[in-house]
Amino acid sequence: MTENEIAYTTDLITDYAEVVIPLALPLNYTWAIPERLKEAAVVGCRVEVNLGKSKRYAGVIKRIHKKPPEFFEAKEIVNVLDAEPVVFDSQLQLWEWIAKYYMCTEGEVMAAALPAHFKLSSETILVFNEEAGEDFTELGNEAFLVAEALLLRKELKLTEVQQILDSTHVYPVVNYLIQQKICYVWESLKERYSPKKETYVLLSPAYTDEVALEQLLNTDKKLQRAEKQLELLLAYLHFQKTEGAITKSALLKKAGATEAQLKGLVDKGVLFLEKRAVDRIRFLPKEINVNFELSPAQAKALDEIRGILKEKDVCLLHGITSSGKTEIYIHLIEEQLRMGKQVLYLLPEIALTSQTIRRLQRHFGGHIGVYHSRFSQNERVEVWNKVKDGSLKIVLGARSSLFLPFQELGMIVCDEEHDTSYKQMEPAPRYHARDAAIYFASLFEDCKVVLGSATPSFESFSNAMHQKYGLVSLAERFGNLALPEIAIADTRRYRTKEFAGTILYPPLVESIHRALEHKTQVILFQNRRGYTPYQRCNTCGWVPQCKHCNVSLNYHKFYNKLVCHYCGTTYPPLVTCPSCGGHDFVQKQFGTERIEELLQELFPAAKIGRMDIDAVRGKHAHDQLIQTFEQQKLDILVGTQMVVKGLDFEYVSLVGIVDADGILSFPDFRVNERSFQLMEQVSGRAGRKHGTGQVMIQTAQPTHPVLLEVQQHDYQKLFNDEMPKRQQFGYPPYTRLIRLTFKNKIREVVQDAAAWFFNSLQNRYKDFIVGPSEPVINRVRNQYLMELLLKLPRSSKIIDSCKKEVLYNIALMHQEKRYRSVVVIPDVDPY
DNA sequence: AGCACGCCGACT
DNA sequence: GTCGGCGTGCTC
Ligand SMILES: [Zn+2]
Ligand SMILES: [Zn+2]
């Protein structure tokens, strides 16, 4: 073949690309790679592809091969969008693993993994950045053309850029312009997140060199007659050295100085003020500053972890509240950093407060990036790129930061590993970030996982007991802080008429009085108002249980029956309490608002705050409320699970758990584990620095084993008590669960479909399948729901084949006319 | 996810 | 008679 002939055979396709597009397709589709894109089409790059008649998507190339598809004509890739891959092989492998394990599609994983802006479409709008100036002569030819157009028009659609440039060059040029900050991708107001700003104090550049500073302090006339200002300046220099950047409010508080004194220094040009966002990275110097001493207990734990990680991939750090796990992580992170490796530090979303962020910034400055759902898409892309090119070494992030393109990952820390927010519930991919992180780490040469918790999940703890993970315990509170005294207020003693309907009983009220008298603060905890109506004995707190499933029964008002929401068995309603003979059951539930009202009546002089989902709906309301409370502008804080996380309240002397019985009767097989975790963490908020704190638990079941275990802080006993029950009733960690939710408009149809499915799995999974049952909330967005639960033995062979069987049966069911539109949602390892 | 195709009710 | 409701199926 001559050169001429080659030139005429451009439509001869030899290469094909398997592409993941952000859709719930059961398998990946294949597109043909035209000759002109052969060079550019690389695995991990985004490509623009047509699907159907008129849709265009940005997908990611997963695989390139030379096998022409047999059963269809592959369309050509329209364009390659990236000059270099946006994801590495390890991301593609993670996507595939998650899709298989959690029974969803790779497209769904991709949609969750990539920042929305990577899913660029031709309708995307570019906005000119007014701060970019007007001089674009430094840019390349094509970028120059687009920049000029942007300067003129202020906004351009991607299709319009396409008209300016040769169509194959659009995306590389646009990416370049975004990187140069000449334009950014338009975001609707709703998406935009204005980072929380704080005023920082900085030394004027004129005095950053030692000599000038020396002169200022000793001989300069500027400060000779302003002793207080000099004092403040010295204090500033001290804090700057020990803590790095310092905020205005912190400086004034710590130095005991006034606004006027600071203003004096600012006016004289010695210091200046600057508003900065705490969770943004660019201002902080890239330094490593781990200069604190570990306690002997911490040092020992650190050594043990190091030793274990030489042999095992995962180490569980079981450290009681306030034992100082974070300091240990900081040392481990430092080691990775010094080896040039990256570190992912996972935290539950609500623990990711500016307090937590600043604490790590103090040690790692600009090496740290933050990634969470409140970030705008533009910011996510920025962090994404910096992780990919290795300029960010540490990412402090919530669940979804697992998808970032790390290249040289040395360690993943998963703090509060028991936290339920690591599991994504809606929509797919319903993955568990902790478990997926362990898989992800295995893709790297030498990447270790450290799980940390004061109250480990039974899954992790039993893995540690079976030597699958290493286990290190830290049983000593840092600085030997006293553990709070845990008092149990027995509400059965107040059963006379005058106490009917009481929410805050005398012992708790009295303790609050005392705390307020001592000018200390109080936290009251109340569980989120459950939508689960149940029958609970008003006298002894007893709640009927399902004899098959060992969970609390729900009360169905309409049918006047008790029903198990796992297996669907119904029971007659209670008339007489089998535990105490009482006859009084139904009770109204109350939330934090009601408690807040009551407190206002009881303590009219106290300043009371409320922290729950509703009260902190705004962007920074959560941070703000924490700060207000920390500054002792509130006396009592009433809250739900939110008060449990990321708080470090010094002046709290009393924590009250208003309704322990409500917590203990939650209809979930993990109730006891959860209750212990919750109460243990709530207790941790009491008496952290100033004397012994008190925790008061109101309950009608003062001898409930979990309460005693909380009182003794005895996790091991809880574990030993609970595990036999898990085994007996077939629950994790002895089994693996898959929950199937069926959805349809017509109630009878879902019910029948679930029954059909149950029957169809009967022959092979008879002993493992529970249900069908109607969930408590049986209708969501006009769709009725039904559930089946699979309790599978822990053999990956059985689990894998069962997953296949389930998918096969879904397809089979959809062939049945009546069930065609029944949607089945599998949830693997529901939490 | 879209979008076309197709099958039934009520409207100029 | 046709218009438009949405349930169903398909997209490399
Ligand atoms: Zn009773
Ligand atoms: Zn049951």
Side-chain angles (χ1 to χ4, degrees), chain A residues 11-35 37-38 41-81 92 95-96 99 103-124 158-159 188 191 377 424 426-430 742-750 752-753 756 780-784 807-808 810-825:
Chain A
D11 53 14
L12 183 76
I13 302 287
T14 57
D15 286 17
Y16 296 87
E18 181 184 333
V19 176
V20 188
I21 51 177
L23 285 184
L25 298 172
L27 18 99
N28 295 324
Y29 286 177
T30 303
W31 274 267
I33 304 175
E35 189 64 33
L37 296 176
K38 242 177 160 172
V42 175
V43 169
C45 277
R46 287 173 313 145
V47 287
E48 200 176 355
V49 291
N50 283 328
L51 181 68
K53 263 203 151 123
S54 56
K55 281 161 298 165
R56 216 167 241 214
Y57 290 96
V60 170
I61 302 180
K62 189 187 172 190
R63 202 166 57 90
I64 291 175
H65 60 87
K66 294 189 184 291
K67 199 165 148 262
E70 278 178 67
F71 306 105
F72 54 87
E73 186 80 22
K75 288 183 180 167
E76 284 190 17
I77 290 174
V78 178
N79 210 343
V80 176
L81 306 186
L92 295 170
W95 296 0
E96 188 182 314
M103 301 177 76
C104 64
T105 71
E106 283 181 69
E108 287 170 314
V109 183
M110 173 188 173
L114 288 188
H117 283 167
F118 281 145
K119 296 168 232 160
L120 285 184
S121 75
S122 28
E123 289 307 294
T124 305
L158 226 50
T159 40
S188 65
E191 279 177 54
Q377 295 300 330
Q424 170 148 323
E426 253 335 275
R430 296 176 177 76
F742 296 74
K743 279 211 281 196
N744 192 269
K745 259 200 177 138
I746 304 155
R747 189 153 170 242
E748 286 68 38
V749 172
V750 237
D752 295 349
W756 182 97
V780 182
R781 277 191 281 130
N782 262 330
Q783 300 250 304
Y784 282 94
L807 293 175
Y808 173 74
I810 292 173
L812 212 60
M813 190 187 78
H814 282 154
Q815 284 173 13
E816 213 95 350
K817 263 194 271 28
R818 203 158 112 81
Y819 306 137
R820 190 144 301 173
S821 57
V822 174
V823 175
V824 186
I825 303 165

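Below, read A as the first sequence line, B as the second, and so on, with proteins coming before strands; counting in each chain starts at 1.
- A sub-4.0 Å separation between OP1 or OP2 of C/dC10 and a side-chain N or O of A/Y29 is absent.
- Using a 4.0 Å heavy-atom cutoff across all strands shown, A/N28 reaches no nucleic acid atom at all.
- Look at CG on A/N50: it is 14 Å from C1' on B/dC3, rounded to the nearest Å.
- In this structure, A/E73 reaches the sugar-phosphate backbone alone: every heavy-atom distance under 4.0 Å involves primed, P, OP1 or OP2 atoms, never a base.
- Atom P of nucleotide C/dC12 and atom CZ of A/R56 are separated by 13 Å, given to the nearest angstrom.
- Using a 4.0 Å heavy-atom criterion, one finds that A/L25 contacts the bases of the nucleic acid, with or without backbone contacts as well.
- Nucleic acid contact class of A/K745 (heavy atoms, under 4.0 Å, all strands): sugar-phosphate only.
- Residue-level contact check: A/S821 touches the backbone only, with heavy atoms under 4.0 Å from sugar-phosphate atoms and none from bases.
- Contact annotation for A/K75: backbone-only contact, meaning every heavy-atom pair under 4.0 Å involves sugar-phosphate atoms and none involves a base.
- Distances from the side chain of A/K55 to the nucleotides C/dC12, C/dT11, C/dG9 place C/dT11 closest.
- Note that the CD1 atom of A/I33 and the NZ atom of A/K38 stand 8.5 Å from one another [nearest 0.5 Å].
- Evaluated for a side-chain contact (heavy atoms from CB on, under 4.5 Å) with A/V78, the options A/L37, A/N50, A/V49 yield exactly one hit, A/N50.
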